[in-house]
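Structure below; questions to follow.
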Protein chains: 2
Amino acid sequence: MIGLENLSRKEQLIKTAAQLFKEKGYAATSMRDLANTLGIEAASLYSHIKSKEEILQSLCFEMADKFRESLEEVENTNFSYTKKLRLGILGHIQVMARELTASAVFMNEHRHLSQPYLRSFLLLRINYINRFKKIIEGGIKSGEFKNVDTKLAVMTLFSSLNWMPHWYDPSGIIEPIELGHQLADMLIDGLQTK
Amino acid sequence: MIGLENLSRKEQLIKTAAQLFKEKGYAATSMRDLANTLGIEAASLYSHIKSKEEILQSLCFEMADKFRESLEEVENTNFSYTKKLRLGILGHIQVMARELTASAVFMNEHRHLSQPYLRSFLLLRINYINRFKKIIEGGIKSGEFKNVDTKLAVMTLFSSLNWMPHWYDPSGIIEPIELGHQLADMLIDGLQTK
DNA sequence: CCTACCGATCGGTAGG
DNA sequence: CCTACCGATCGGTAGG
């Protein structure tokens, strides 16, 4: 692992776990896998964390919080719905780009949370999705957007966004902001030439 | 479980496993979970199948085959790229709608395949994605589509399509074909009014 | 952060 | 399809 030198041991542990959870999945990652990657014994992990699930909890809820924060900034503006949607997409992608691994875990591994954490995570997520949906609905009412099925539209957006950590190459040419603009262009203007 | 009466015991077993793999994930689903759901002992499963992974293999490769078949039909036409893209989307969604659970497993659990199955699965998948990409590239060259980033375009399409099993309600109002048309409309024409 | 260890559960087999 | 069982591995604890 590279770039973990400045982090506390606990932060290193969570970052490393996120990597493993992303690659192998939460259930298929053992505490011994994690310990081996860090170069310590499995039992030693428990002086930093209380349980395996605690790691998943911090990853999921910290990301949920960052996504919510980013969208709230956009909501507190007076831009058109078209611009709000674009800024919402840009914000989401920038949060994701800063935490690509944690974002992938947020998207794919949250189902392994136990109750009551799972329930409150799903509430946060549906709330986030509904806020994007409100922007789309607003755009339809204002005449900016076509009268599409808003559930389909928002789920298309949400799945496109959240699958990005699986294929986006942060060392590649295209920058997160540029990527966000292109995705917004595609969804707002379509592929077709005018 | 409903509607499994006409299937062979092995087919029932695979369908039931798909449901559990979708809900809990492959790694978190134990053979005892599967046996309990079917109302038999875990050891009895092995008179129908060789291993847990064999179930995952049949699910993943059978779906890959159906998706490939559906896209090949579209490729063997002389339609415009716009129409090919639309028909490709419709085909994918119809295959998925017929096997919603297996499709979710295909999308999210394939990483638990061991070698050499994982490698050949990923080859099938990248081949499928590249065929969609070729349609988009063709449309750009012909002037039907704007000069977008084709990797972004095809991954947006692919992730939208494959996340559908997680939110699409087959008992709801909207039919798979109608859904496919609306998704195609969105991606091709965009959200924006003209 | 380590050694030593716990009970529970895992995928799977033998033999009927 | 069952009983009986296997060795391996799981998340986690006690005590230092």
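What you see is a predicted model, and the numbers here were worked out from it, not measured in a lab. Naming: A, B, ... by sequence-line order, numbering from 1 per chain. Atoms considered below: every heavy atom in the structure, side chains included; atoms not considered: hydrogens, waters and symmetry mates.
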- Heavy-atom side-chain proximity of A/His166 to A/Asn108 below 4.5 angstrom: yes

- Task: Determine, for A/Asp185 against B/Lys146, whether the closest basic-nitrogen to carboxylate-oxygen distance falls under 4.0 angstrom.
- Result: no

- In B/S/- notation (B base, S sugar-phosphate only, - none; protein heavy atoms under 4.0 Å), nucleotides 1-13 of chain C written 5' to 3' is BBBB-----BBBB

- Note on the structure: Those residues at least two apart in sequence (or on a different chain) that pass side-chain contact (heavy atoms from CB on, under 4.5 Å) with A/Ala102 are A/Leu59, A/Met63, A/Glu99

- Nucleotide paired to C/dA4 in any strand shown, Watson-Crick or G-U, under 3.5 Å: D/dT13

- Do the numbers put A/Lys133 on top of the ring of A/Tyr128, so that NZ or CZ is under 6.0 Å from the six-membered ring centre and no more than 45° off the axis? no

- Taking C-beta and beyond as the side chain, do B/Val154 and B/Glu137 meet within less than 4.5 Å on heavy atoms? no

